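Just so you know, these numbers come straight off a predicted model, no measurement behind them. Side-chain atoms are counted along with the backbone in the values below, which use heavy atoms only and exclude waters and symmetry mates. Naming convention: chains lettered A, B, ... in sequence-line order (proteins, then strands); numbering from 1 in each chain.
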Amino acid sequence: MSRVFACFFTWCLVSSTSLFAQPAAATGIDARLSAVEAAAKTAQISGDNAWMLTSAALVLMMTGPGLALFYGGLVRRKNVLGTMMHSFALMAVVTVLWAIYGYSLAFAEGNPFIGGFSYFLLNGVGSTPNADYGATIPHQTYMIYQLMFAVITPALISGAFAERMKFSAMLLFTCLWSTIVYFPMAHMVWGKGGFLNAFLGGKVPCFDFAGGTVVHITSGVSALVCALYLGKRVGFPREAMKPHNLVLSAVGACLLWVGWFGFNAGSAVSASGLASSAFVATHFGASAAALGWMFAEWARHGKPSMLGGISGAVAGLVAITPASGFVKPFPALLIGFLAGIFCFYMVTTVKSKFGYDDSLDAFGVHGAGGSLGAILTGVFATNAVNDGLKDAAGKVLPLGLVDGHPGQVLNQAIAVVISFVLAIVGTLVILKIVDALIGVRITTEQEVAGLDVSMHGEEGYSLEA
Amino acid sequence: MSRVFACFFTWCLVSSTSLFAQPAAATGIDARLSAVEAAAKTAQISGDNAWMLTSAALVLMMTGPGLALFYGGLVRRKNVLGTMMHSFALMAVVTVLWAIYGYSLAFAEGNPFIGGFSYFLLNGVGSTPNADYGATIPHQTYMIYQLMFAVITPALISGAFAERMKFSAMLLFTCLWSTIVYFPMAHMVWGKGGFLNAFLGGKVPCFDFAGGTVVHITSGVSALVCALYLGKRVGFPREAMKPHNLVLSAVGACLLWVGWFGFNAGSAVSASGLASSAFVATHFGASAAALGWMFAEWARHGKPSMLGGISGAVAGLVAITPASGFVKPFPALLIGFLAGIFCFYMVTTVKSKFGYDDSLDAFGVHGAGGSLGAILTGVFATNAVNDGLKDAAGKVLPLGLVDGHPGQVLNQAIAVVISFVLAIVGTLVILKIVDALIGVRITTEQEVAGLDVSMHGEEGYSLEA
Amino acid sequence: MSRVFACFFTWCLVSSTSLFAQPAAATGIDARLSAVEAAAKTAQISGDNAWMLTSAALVLMMTGPGLALFYGGLVRRKNVLGTMMHSFALMAVVTVLWAIYGYSLAFAEGNPFIGGFSYFLLNGVGSTPNADYGATIPHQTYMIYQLMFAVITPALISGAFAERMKFSAMLLFTCLWSTIVYFPMAHMVWGKGGFLNAFLGGKVPCFDFAGGTVVHITSGVSALVCALYLGKRVGFPREAMKPHNLVLSAVGACLLWVGWFGFNAGSAVSASGLASSAFVATHFGASAAALGWMFAEWARHGKPSMLGGISGAVAGLVAITPASGFVKPFPALLIGFLAGIFCFYMVTTVKSKFGYDDSLDAFGVHGAGGSLGAILTGVFATNAVNDGLKDAAGKVLPLGLVDGHPGQVLNQAIAVVISFVLAIVGTLVILKIVDALIGVRITTEQEVAGLDVSMHGEEGYSLEA
Amino acid sequence: MKKIEAIIQPHKLDDVKEALKAIGIDGLTISEVRGHGRQKGHKEVYRGMEYQIDLLPKIKVETVVTDARLDEVTRALSAAARTGKIGDGKIFIYDVLEAVRIRNDDTGEAAL
Amino acid sequence: MKKIEAIIQPHKLDDVKEALKAIGIDGLTISEVRGHGRQKGHKEVYRGMEYQIDLLPKIKVETVVTDARLDEVTRALSAAARTGKIGDGKIFIYDVLEAVRIRNDDTGEAAL
Amino acid sequence: MKKIEAIIQPHKLDDVKEALKAIGIDGLTISEVRGHGRQKGHKEVYRGMEYQIDLLPKIKVETVVTDARLDEVTRALSAAARTGKIGDGKIFIYDVLEAVRIRNDDTGEAAL
Ligand SMILES: Nc1ncnc2c1ncn2[C@@H]1O[C@H](COP(=O)(O)OP(=O)(O)O)[C@@H](O)[C@H]1O
Ligand SMILES: Nc1ncnc2c1ncn2[C@@H]1O[C@H](COP(=O)(O)OP(=O)(O)O)[C@@H](O)[C@H]1O
Ligand SMILES: Nc1ncnc2c1ncn2[C@@H]1O[C@H](COP(=O)(O)OP(=O)(O)O)[C@@H](O)[C@H]1O
């Protein structure tokens with residue numbers, strides 16, 4: 001309420017000033033100008049902050065209930081709560097890490113690979129905008145918005161170890177993974193001075209608007225490592241392990257889609273034309289990918305399925321994520337369509353060829369789709385959409401291949417490789433540690449009984465009358 | 001991020017300018033004024049764009065998961081995915097049509113009945129606002145916001161042919177229907193120079209704030225035509241075809257209600273007082289209609305039901321849609337209440353009298369409610385709420401009957417008739433074509449097995465432990 | 001649309017003015033200044049209104065589908081619709097009361113305990129901001145935003161009388177309760193001149209940012225009274241009354257969490273830095289409380305559960321509600337953590353000690369959590385977060401104990417006591433009246449058959465193929 | 001007394017209920033089951049994993065009747081459930097030693 | 001050995017379970033069924049379509065017991081399930097030729 | 001003809017189906033049940049209320065076979081369902097008086 005008063009006060013001032021503007025014209029005009037300049041600035045902050053707070057809420061909604069439902073519907077009934085718990089618990093746990101040191105390690109200035117401790121305990125993160133990250137929103141808004149990304153990323157991994165990981169091990173794994181993989185990667189790509197940060201002084205300028213490398217490649221690749229390390233579920237692949245409730249998954253996918261507008265368009269850190277452009281690209285990518293996957297299925301199996309449609313939409317959202325603030329609408333459609341077909345191929349042909357049990361296809365969708373999107377960003381990024389990259393003289397620079405800058409594809413590839421290496425090495429080390437300390441996999445009895453009963457002592461449904 | 005910089009830059013400019021304002025006072029003041037004028041304009045865009053992007057996300061949420069759940073819960077278990085697929089697939093398919101030519105046919109200048117091709121392939125639809133449609137938001141925002149309307153409209157029709165239409169036929173039907181019925185109708189009512197556009201030069205000025213004619217009458221009437229053309233479901237009305245999961249429908253209805261704020265208040269194309277007024281009217285209309293339907297049921301059957309409550313809410317939202325930006329709160333309550341009772345009467349007495357199988361009452365709710373709302377808009381529209389209609393001299397004109405302009409009721413009736421005719425003729429022709437090409441109805445075996453298995457090769461629930 | 005034109009018009013004016021600024025410099029500059037001052041003001045309203053409309057939608061989403069799902073999942077299958085109906089019906093009923101006299105009794109100026117009738121029938125509640133409540137948003141926005149609070153509060157109570165209250169009695173009870181308990185309490189704490197209003201002239205200045213006393217204590221305490229008055233459910237506690245569908249409850253809890261950002265950050269009545277601060281506190285409180293409850297369970301029962309996690313999150317959200325606009329992030333974490341443990345203790349140890357049947361723990365979570373939060377607000381409130389309280393000379397005053405103002409804890413305690421007394425006395429009187437008029441409890445036959453069949457004549461699920 | 005247990009197609013339940021009602025059989029109990037027989041199931045593919053769905057949804061109808069009415073009821077039930085296609089189902093007949101009406105401890109045929 | 005099959009009101013399940021436990025009957029299997037008998041159902045109206053709901057939710061309790069305990073168990077079960085109102089349900093008794101404990105192939109009464 | 005009714009652990013259903021298929025038994029009907037026996041259940045705590053969950057999910061498999069194949073099928077089924085742990089379940093054998101194929105009114109062993 002205080003801001004309201006402040007603002008009201010400003011207007012009173014402005015109005016009253018204008019009453020005796022005649023006598024001391026110059027001073028009066030100067031004061032009115034300063035007042036209105038401040039007022040315009042405050043108004044700018046309100047507009048952008050309105051969108052960014054909405055976006056932060058949307059991104060949280062992606063994890064819970066979005067991802068919780070999407071994954072929860074895909075597992076067997078006896079694991080539905082255990083699977084939703086992976087997403088839910090991370091909403092709480094990662095928040096605490098972030099408050100203590102996570103935001104600092106990711107976004108405080110440090111070296112090119114990891115941030116420093118200047119924002120330890122959120123020290124200095126208040127209402128005043130941080131001009132580097134968002135000149136027109138309170139720094140706290142940026143902090144909480146970025147937290148929502150840090151929450152969903154490890155939650156995505158849980159699709160790979162679904163139905164067989166110990167709950168305590170999942171918590172410990174996530175704390176270590178966030179610290180060792182996510183915070184450094186976020187710093188490299190988005191942190192000031194990060195190695196791959198194209199806009200704030202990185203050595204290898206990579207374009208990753210909303211997290212193709214930081215979020216999707218790291219989580220998808222780590223997921224594959226987890227799937228291989230934990231081994232197959234008891235009975236896989238002989239036993240039928242059908243999704244127990246595709247209605248839940250469809251609802252989850254729709255909420256992911258809606259929430260993704262906050263994820264991508266929010267990454268403009270303002271309610272500007274760039275946000276609108278990212279919003280359009282996001283929607284177009286998701287749509288084309290849903291069609292791509294469905295048509296591929298239709299051609300291969302004779303029927304397009306709901307599971308195919310929603311898997312495709314998610315694949316498209318993943319692939320358009322790094323590109324969303326850099327590409328025009330029709331390239332967005334193309335990126336989505338390719339992602340739909342490519343990820344379909346990955347989770348069908350490739351997965352069954354290698355035979356790993358990536359239970360809910362975290363790698364096939366996020367790892368593969370994220371990599372494709374990161375590379376295609378290097379192809380289709382254009383300064384007609386995003387004029388943020390300028391040389392010393394202020395001249396807008398070309399972005400991707402279509403702008404006549406083929407080298408960007410290489411930069412993107414470097415970022416992809418770094419993400420892969422960090423994810424593989426980091427995840428392996430962390431799994432070894434967690435396994436040694438408390439063990440990562442549940443017993444066969446627990447697995448047969450299901451996570452809900454064995455880990456949480458409860459059941460998802462008691463549908464008896 | 002670029003906008004952030006731009007904006008920050010502006011402020012640096014503003015601040016620095018003021019430092020040497022003394023020496024060259026006039027010029028300095030002029031520059032500061034120009035800068036702050038630009039800043040205020042940018043701030044205005046941020047505020048309005050924040051609300052419009054949120055609204056676009058809300059309207060998409062109405063289709064998925066909103067409508068998908070609402071309809072999905074009302075059908076039998078074996079058709080749940082097939083029914084949700086109608087909504088979901090249209091999110092993808094209509095998007096592609098819209099990108100290629102749909103937006104152009106609806107909103108580019110053309111003749112009074114159909115738009116031209118100037119926005120073909122979204123040519124020229126960028127960040128710069130289109131002053132005719134929304135002077136304070138990026139043109140892309142307006143385009144994507146209107147797309148969400150184009151998505152939900154054909155999805156509403158699917159309530160009528162639920163549980164018996166071929167998936168491929170549904171896709172083809174929708175592509176043709178959007179092209180032949182929706183895009184022209186949207187152009188007539190909302191497009192610049194459209195025949196019924198009251199604010200941008202239409203011959204017959206019709207008030208349809210958010211789509212009573214364009215969205216609800218066209219879809220509801222087309223739904224009735226579909227229901228009659230496809231015939232009854234196997235076993236109707238002898239067999240029990242109870243909603244399989246009213247919990248899903250209740251959730252869907254609530255999400256429709258919440259999303260409808262984006263639909264109606266977003267139609268102000270700004271976060272202005274008009275948006276607030278439309279928001280209030282929307283909520284009041286929904287509330288009164290839920291009560292109206294429930295009380296009608298209570299009186300007739302002795303018990304108010306959840307299905308009645310949610311059906312009423314949707315009926316009220318439909319009826320208030322054309323009126324929402326033109327009427328005061330208490331007329332909104334009245335319109336809602338009447339809609340609740342009228343639609344209850346339509347889906348109970350009238351439907352069973354004529355015996356058609358409008359499976360999920362798309363006509364009884366959207367056709368009937370939309371028509372009622374369109375007419376009552378002519379009664380209750382007032383320039384105390386919306387002063388957008390002015391004569392050449394800038395004088396605000398009276399709107400509806402309550403403003404002393406009874407002729408408006410006739411204008412509204414003309415629009416209703418046009419919508420009916422276009423929907424009936426268009427839908428019939430399209431059904432004939434699709435039927436001739438690929439057949440519209442599934443076989444009895446497929447119908448008995450259910451859409452999920454026969455069309456999509458999957459099942460909604462596998463609830464075995 | 002009209003606002004868009006108005007705004008566009010302003011800009012034309014501004015631009016054209018600047019053309020002939022040279023000849024009549026002073027006048028020209030004055031006109032431009034006035035125009036840009038108005039433009040900045042309009043922009044400010046758009047930004048703040050964008051956030052407040054979004055917040056209003058989010059708070060409605062908390063009731064439906066949020067709370068409807070949360071409570072609906074916790075009851076037995078035969079009561080799922082009846083339970084959801086409590087939330088749903090109140091969305092409609094309270095709206096009508098609010099429109100007629102509720103808003104007036106709560107927010108019109110009156111005496112310290114109840115508002116007057118100046119806003120009767122929403123008279124005078126239009127686009128013009130009400131400077132007392134929100135200088136930068138349309139008055140209608142404030143009215144509809146506050147309505148959403150009035151809707152959810154009685155819905156919360158329904159957790160206590162779940163599975164055994166007559167639907168008609170529930171409706172009558174709510175109408176009386178809103179009138180006798182909620183509207184006065186809202187006036188006392190938030191209404192201009194209210195007895196406890198710290199910012200608008202209250203005798204005992206209480207800090208309740210978003211409704212710890214008004215919403216949670218009143219509803220939680222009234223819930224306990226209802227539970228005691230209605231008596232236990234048939235078979236309680238001998239019979240197993242497990243939640244029938246924890247998936248629904250988990251989804252509901254997540255939607256409550258997301259919607260709560262509108263509840264708390266929206267209570268800043270602007271998209272300012274204070275809103276961001278409240279957003280952060282809300283998220284931190286929820287996270288820490290989810291962990292607190294889960295750890296308490298883990299320690300006590302050997303397993304952390306999904307029900308525990310979501311109960312904790314809600315408890316944290318409740319406790320942080322009064323504090324959210326006054327405390328820093330780390331105190332928010334602490335308040336949440338304490339609330340998680342305290343409410344766990346209340347719904348396990350305390351409830352089973354006293355043996356009352358507060359079916360869904362409305363008292364244990366909202367009553368207990370709200371009281372804890374209200375007191376801790378007095379401890380941790382600081383003017384470093386909220387500088388809204390000033391003395392006559394404009395000096396910012398200290399807020400809570402941490403600011404060196406221990407007396408505030410006492411003020412908070414007084415507000416808690418007033419809420420308890422009003423809730424207990426009011427609810428008891430209302431229950432007696434309703435019981436005498438129509439009876440509050442259903443028959444044993446109806447209870448055994450379930451609310452869905454007996455009150456509403458329908459069933460939640462018909463999952464047969 | 002005999003128990004008639006019929007496994008039928010779900011969509012024939014209404015027909016069966018009416019046929020039994022028509023000949024005065026009121027007492028019956030149904031349950032949802034899944035069955036496998038000559039009827040071929042179908043293939044479902046979830047993200048590249050193929051499942052042969054060979055357990056199809058069926059309804060089991062159980063009714064205990066007096067020995068005298070056994071044939072009549074069996075015939076009526078069979079006729080009502082028939083579509084003539086594979087998957088129509090089976091009827092099995094069992095002997096019932098005793099029946100008790102819980103409400104009043106009636107036993108034997110009086111309990112039916 | 002005999003199978004006791006009882007169709008009871010869902011809300012009497014806890015009572016029945018306890019009554020059986022009290023007399024040392026541990027082995028039992030329950031399932032959800034829907035039944036029709038003398039008990040009148042109710043009408044449900046969905047958007048103007050009226051449905052006569054005459055198949056009401058019931059629980060089927062099955063327990064196989066030795067011939068010696070048949071009467072005792074039947075009586076205990078019947079008493080526990082009784083409310084005295086129409087719809088209380090039925091008990092049917094069948095002969096069991098053989099029982100096998102899967103775990104160790106025990107057969108006959110030893111397998112119960 | 002005899003009915004073999006087996007109560008098995010849900011996760012052994014695939015094994016049982018395959019074992020029966022392997023010896024040429026095609027006709028079978030399954031249903032979801034909950035059972036209680038020697039197997040201890042578990043405790044669930046919901047908001048401080050403790051529930052002893054002693055009815056655990058099981059699958060009931062029913063197949064009617066000719067007298068000649070009774071032993072062979074019983075043995076195959078038992079072997080496939082066995083894990084050797086408590087809770088593996090039971091098999092009960094009943095006499096079947098008659099079988100009818102609804103599709104064409106075949107009766108007796110021809111109907112199986
Ligand atoms: N021998 C059997 N034992 C138990 N159930 C059987 C048996 N044979 C068939 N069934 C049940 O009857 C259903 C229909 O049998 P099926 O062989 O498909 O049809 P049809 O008898 O018309 O050839 C099966 O799905 C199964 O539930
Ligand atoms: N002849 C029968 N065969 C099979 N089940 C029966 C039969 N008669 C009754 N039932 C079952 O018993 C339940 C209770 O029967 P009902 O006639 O309503 O009660 P009551 O025996 O108290 O009159 C029915 O719902 C049905 O499931
Ligand atoms: N006497 C019985 N009557 C009916 N069902 C039984 C009986 N005994 C056991 N069952 C069923 O068999 C299942 C397994 O029995 P249990 O005693 O736990 O295993 P085991 O036979 O290996 O000791 C039970 O859950 C129950 O469904």
Side-chain angles (χ1 to χ4, degrees), chain A residues 26 29-30 33 36-37 40-41 43-44 46-48 50-51 54 58 77-78 131 134-136 199 242-247 250-251 254-255 257-258 261 265 268-277 279-280 283-284 287-288 290-291 301 303-307 309 329-330 333 386-388 461, chain B residues 1-5 7-8 11 14 18 21 25 29 32-33 36 39-40 42-43 45-47 49-51 53-54 56-57 60-61 64-65 68-69 72 80-81 84-85 88-89 91-93 95-96 99 121-122 127 138 140-141 143-144 167 248 455-465:
Chain A
I29 283 169
D30 207 65
L33 258 173
V36 78
E37 279 160 10
K41 187 167 186 175
Q44 181 66 48
S46 277
D48 287 339
W51 173 239
T54 304
L58 285 171
R77 183 174 67 168
K78 61 186 174 185
T136 56
F199 298 94
K242 289 173 51 173
H244 90 285
N245 193 333
L246 278 177
V247 173
V251 174
C254 289
L255 292 178
W257 188 331
V258 171
F261 292 132
V269 199
S270 64
S272 60
L274 182 59
S276 301
S277 177
F279 192 111
V280 169
H283 185 70
F284 281 21
S287 298
L291 292 177
H301 302 299
K303 283 172 184 169
S305 71
M306 171 58 95
L307 179 57
F330 277 84
L333 276 174
N386 191 321
D387 60 0
Y461 312 94
Chain B
M1 204 145 301
S2 67
R3 238 273 296 100
V4 169
F5 292 123
C7 182
F8 187 64
W11 285 114
V14 167
S18 63
I29 283 169
R32 279 176 75 185
L33 258 173
V36 77
T42 306
I45 288 179
S46 277
N49 202 29
W51 173 239
L53 291 180
T54 304
L60 183 69
M61 188 184 78
L69 279 171
V80 60
L81 295 182
M84 295 181 78
M85 262 302 238
F88 184 81
M91 287 162 62
V93 171
T95 297
V96 175
L121 297 179
L122 299 180
S127 276
Q140 277 197 330
T141 299
M143 180 278 291
I144 198 85
F167 184 66
L248 299 185
M455 292 293 110
H456 308 294
E458 55 190 348
E459 289 176 289
Y461 313 93
S462 310
L463 290 174
E464 297 90 56

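- Residue contact with chain A, scored on non-hydrogen atoms closer than 4.5 Å, involves the side chain of Pro138(B) exclusively.
- A distance of 8.5 Å separates CG of Leu333(A) from OG1 of Thr95(B), quoted to the nearest 0.5 Å.
- Pairing each heavy atom of Gly64(B) with each of Val258(A), the nearest pair is O-CG2, 3.9 Å.
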### Task
Starting from the C-alpha separation in whole Å, work towards a yes-or-no answer on side chain to side chain contact (heavy atoms under 4.5 Å, CB included) for Met91(B) and Trp257(A).
CA-CA 11 Å; Met91(B) 287 162 62; Trp257(A) 188 331; 3.5 Å; yes
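- For Leu121(B), the parts lying under 4.5 angstrom from a heavy atom of chain A are both the backbone and the side chain.
- Here the side chains of Ile144(B) and Phe284(A) are in contact, with some heavy-atom distance below 4.5 Å.
- Both the backbone and the side chain of Leu33(A) come within contact range of chain B, with heavy atoms under 4.5 Å apart.
- For chain A, the nearby parts of Ala57(B) are the backbone and the side chain; heavy atoms of each come within less than 4.5 Å.
- The choice from Leu307(A), Thr54(A), Val280(A), Leu255(A) that makes the most heavy-atom pairs within less than 4.5 Å of chain B is Val280(A).
- Side-chain atoms of Glu458(B) and Lys303(A), non-hydrogen and from C-beta on, never get closer than 4.5 Å to each other.
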### Message
If you apply the rule side chain to side chain contact (heavy atoms under 4.5 Å, CB included), what do you find for Phe261(A) with Leu53(B), and how did you get there?
### Response
CA-CA 8 Å; Phe261(A) 292 132; Leu53(B) 291 180; over 6 Å; no
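- Here the closest heavy-atom approach between residue Ala43(B) and residue Ala40(A) is recorded as CB-O, 3.9 Å.
- For the set Ala56(B), Gly457(B), Ala50(B), the entry with the most heavy-atom pairs within less than 4.5 Å of chain A is Ala50(B).
- Here the CZ-CE distance, from Phe88(B) to Met306(A), works out to 7.0 Å after rounding to the nearest 0.5 Å.
- Each of Leu58(A), Val247(A), Val251(A) has some count of heavy-atom pairs under 4.5 Å with chain B, and the biggest count is that of Val247(A).
- Asn49(B) and Ser276(A) are linked by a side-chain donor-acceptor pair at a separation below 3.5 angstrom, with hydrogens and angles left out of the test.
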#### Entry: Chi angles and distances behind the side chain to side chain contact (heavy atoms under 4.5 Å, CB included) call for Leu246(A), Met84(B)
CA-CA 10 Å; Leu246(A) 278 177; Met84(B) 295 181 78; over 6 Å; no
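- Side chains of Ile45(B) and Ser272(A) form no contact here, defined as non-hydrogen atoms less than 4.5 Å apart.
- Put simply, the side chain of His456(B) gets close to the backbone of Pro304(A): a donor and an acceptor are under 3.5 Å apart.
- Among Ala275(A), Ala265(A), Cys254(A), Ala250(A), the residue with the largest count of heavy-atom pairs under 4.5 Å with chain B is Cys254(A).
- Minimum heavy-atom separation, Gly273(A) to Ser127(B): CA-OG, 3.6 Å.
- Taking OG of Ser462(B) as the start and NZ of Lys242(A) as the end, the distance is 3.5 Å to the nearest 0.5 Å.
- The two residues Gln140(B) and Pro329(A) make their nearest non-hydrogen contact at NE2-CG, 3.7 Å.
- Both the backbone and the side chain of Leu81(B) have a heavy atom closer than 4.5 Å to some heavy atom of chain A.
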